[in-house]
Amino acid sequence: MPGQSSIFGLRLTPITQRRLANFRANKRGYWSLWLFLGLFVASLFAELIANDRPIMIGYEGTFYYPVFIDYPETTFGGFMETTTEYADPEVREMIEEKGWIVWPLIRFSYDTVNYELSVPAPAPPSELNLLGTDDQGRDVAARLIYGFRISVLFGLTLTVFSSIIGIASGAVQGFFGGLTDLFFQRFIEIWSGLPTLYLLIILASVVEPNFWWLLGLMLMFSWMALVGVVRAEFLRARNFDYVRAARALGVGNATIMYKHILPNAMVATVTFLPFILNGSITTLTALDFLGFGLPAGSPSLGELLNQGKANLQAPWLGLTAFAVLAVMLSLLIFVGEAVRDAFDPRKTFR
């Protein structure tokens, strides 16, 4: 059709083309998106970048992949039936006598302790530990890569689930109105008035939190971010002529909400998603910093910040964690600004 183009085989309407052009016109947000996606995709392969296990071993004409599979020491001519300790110099020499080893860029995982330090931990940056070690002798660069991945995955998961619940709640309120809207609003006013951080700390101290338990606790309070926006859109559109015509034709409420009103409400909703993701990552970092976040030993940016506070004589800990958080959150803010410009009907592009 005239006025339409396609991307990845999908036809784009003129309004979608305009939004994409507006997004590209914001160079700062456009390149921030690609940079953030590049860092995130790289972190998904953290095991291939930072690991205390080799990526690949060639031994006596056979290929082995220790990063994915556990091999006993007897596989490489040893005497122990336990999993091979590839960091042991004797094991490395034994393998290299009859084969070769391909190591990751960083030879430490997030929980690997470097026992070959020449100075007490936390050790400053060196050729072996590019960003130094923390107070337990663990490589900071490895913990940053794994911590970045778990922070973004946590934030994305929380954003998706909280958006689904918030959009559904706001849609029901705005579409039906009346007592439904009244009771929902009073409930939200009470629920949003609760001290969220204190409740999270209390609940996290009762049970030992893990990734999913902490996600559930934060989901209890984060779903309200989009309710007001979606509710306002549904209240505005529910009496439009096309909605009344659909009712007159016998179209069900669920179909009207999903197919006719929700697409209009999503325009305002999408602009908030990068900022919600930003807030989710910040909340997780704050809980980890206070010691009520992920289990002890987990790779965490907040935990690294806490170590920097406790070890002022090791400035590389706090500065490194701060730099990673500042870059990550700034990129998300820039992307959010570009998305906001893309959906703003007042914006034009050349």
Side-chain angles (χ1 to χ4, degrees), residues 28-47 49-50 110 142-169 192 196-197 199-201 203-204 209-227 229-230 266 268-295 297-306 320-340:
R28 183 175 62 183
Y30 178 74
W31 290 111
S32 295
L33 175 63
W34 285 110
L35 180 57
F36 178 79
L37 289 178
L39 294 174
F40 176 55
V41 171
S43 70
L44 294 178
F45 301 93
E47 286 78 8
I49 301 174
Y110 68 89
R143 292 187 66 81
L144 279 177
I145 295 172
Y146 284 89
F148 179 88
R149 179 176 67 177
I150 198 171
S151 296
V152 176
L153 287 176
F154 183 91
L156 286 173
T157 307
L158 181 60
T159 301
V160 169
F161 284 108
S162 60
S163 299
I164 292 174
I165 298 174
I167 291 172
S169 301
S192 61
T196 305
L197 184 59
L199 287 175
L200 288 174
I201 292 175
L203 293 174
N210 54 35
F211 182 92
W212 298 106
W213 179 254
L214 195 61
L215 180 69
L217 292 179
M218 294 179 62
L219 183 60
M220 293 171 58
F221 302 97
S222 63
W223 60 271
M224 294 175 288
L226 293 175
V227 172
V229 177
V230 178
M266 289 302 295
T269 301
V270 171
T271 60
F272 281 90
L273 293 183
F275 303 102
I276 296 175
L277 174 60
N278 206 327
S280 301
I281 295 174
T282 304
T283 304
L284 176 65
T285 303
L287 289 175
D288 288 333
F289 178 80
L290 296 173
F292 297 99
L294 296 172
S298 300
S300 167
L301 300 178
E303 188 262 349
L304 192 59
L305 282 174
N306 191 21
T320 303
F322 170 78
V324 172
L325 278 171
V327 170
M328 175 172 55
L329 299 180
S330 298
L331 291 177
L332 289 174
I333 290 295
F334 295 153
V335 172
E337 291 176 350
V339 172
R340 182 191 59 195

First locate atom CD1 of Ile276, then atom OG1 of Thr271, and finally report the distance between them rounded to the nearest 0.5 Å. 9.0 Å

CA sep, side-chain torsions, deciding dist, call: Leu215, Trp212, side-chain contact (heavy atoms from CB on, under 4.5 Å): CA-CA 5 Å; Leu215 180 69; Trp212 298 106; 3.6 Å; yes

Can you check side-chain contact (heavy atoms from CB on, under 4.5 Å) on Leu284 and Leu294, steps first, answer last? CA-CA 8 Å; Leu284 176 65; Leu294 296 172; 4.3 Å; yes

Between atom OG1 of Thr157 and atom CG of Leu277, what is the distance when rounded to the nearest 0.5 Å? 10.0 Å

How many angstroms lie between atom CE of Met328 and atom CG of Asn278, to the nearest 0.5 angstrom? 8.0 Å

For the student: nearest non-hydrogen atoms of Phe221 and Leu217, plus distance: CD1-O, 3.5 Å

Just by distance, do the side chain of Asp288 and the backbone of Glu303 share a donor-acceptor pair under 3.5 Å? no

Measure the OG1-CZ distance between Thr282 and Phe289 for me, rounded to the nearest 0.5 Å. 13.5 Å

Could you tell me whether the side chain of Arg143 and the main chain of Leu301 form a donor-acceptor pair under 3.5 Å? no

Phe334 side chain near Leu33 side chain, heavy-atom distance below 4.5 Å: no

In Å, rounded to the nearest 0.5 Å, how long is the span from CG of Leu226 to OG of Ser162? 7.0 Å

Test log, rule side-chain contact (heavy atoms from CB on, under 4.5 Å), inputs Ser163 and Leu273: CA-CA 8 Å; Ser163 299; Leu273 293 183; 3.3 Å; yes

Restricting to non-hydrogen atoms, name the atom on Glu337 and the atom on Phe275 that form the minimum distance, rounded to 0.1 Å. N-CZ, 4.0 Å

Any chance CZ of Phe272 has more than 12 other-residue heavy atoms, nucleotides or ligands included, within less than 6.0 Å? no

Check: Ser298 side chain, Ser300 main-chain N or O, donor-acceptor pair, under 3.5 Å: no

side-chain contact (heavy atoms from CB on, under 4.5 Å) between Leu325 and Leu305, worked out: CA-CA 10 Å; Leu325 278 171; Leu305 282 174; 3.4 Å; yes

Got more than 12 heavy atoms from elsewhere within 6.0 Å of CZ, Phe161? no

Straight-line distance of Ser43 OG to Ile145 CD1, nearest 0.5 Å: 9.0 Å

Determine the minimum heavy-atom distance between Val230 and Ile167, stating which atoms define it. CG1-O, 3.6 Å

On the 0 to 90° scale, with breaks at 30° and 60°, tag the Trp34-Tyr30 ring pair as parallel, tilted or perpendicular. perpendicular

State, to 0.1 Å, how close Ala338 and Gly29 come at their nearest heavy-atom pair, and which atoms those are. CB-CA, 3.7 Å

Search all heavy atoms of Pro299 against all heavy atoms of Ile150 and return the closest pair with its distance. O-CG2, 3.5 Å

Can you give me the closest heavy-atom contact between Ser151 and Ile281, atom names plus distance? O-CG1, 3.7 Å

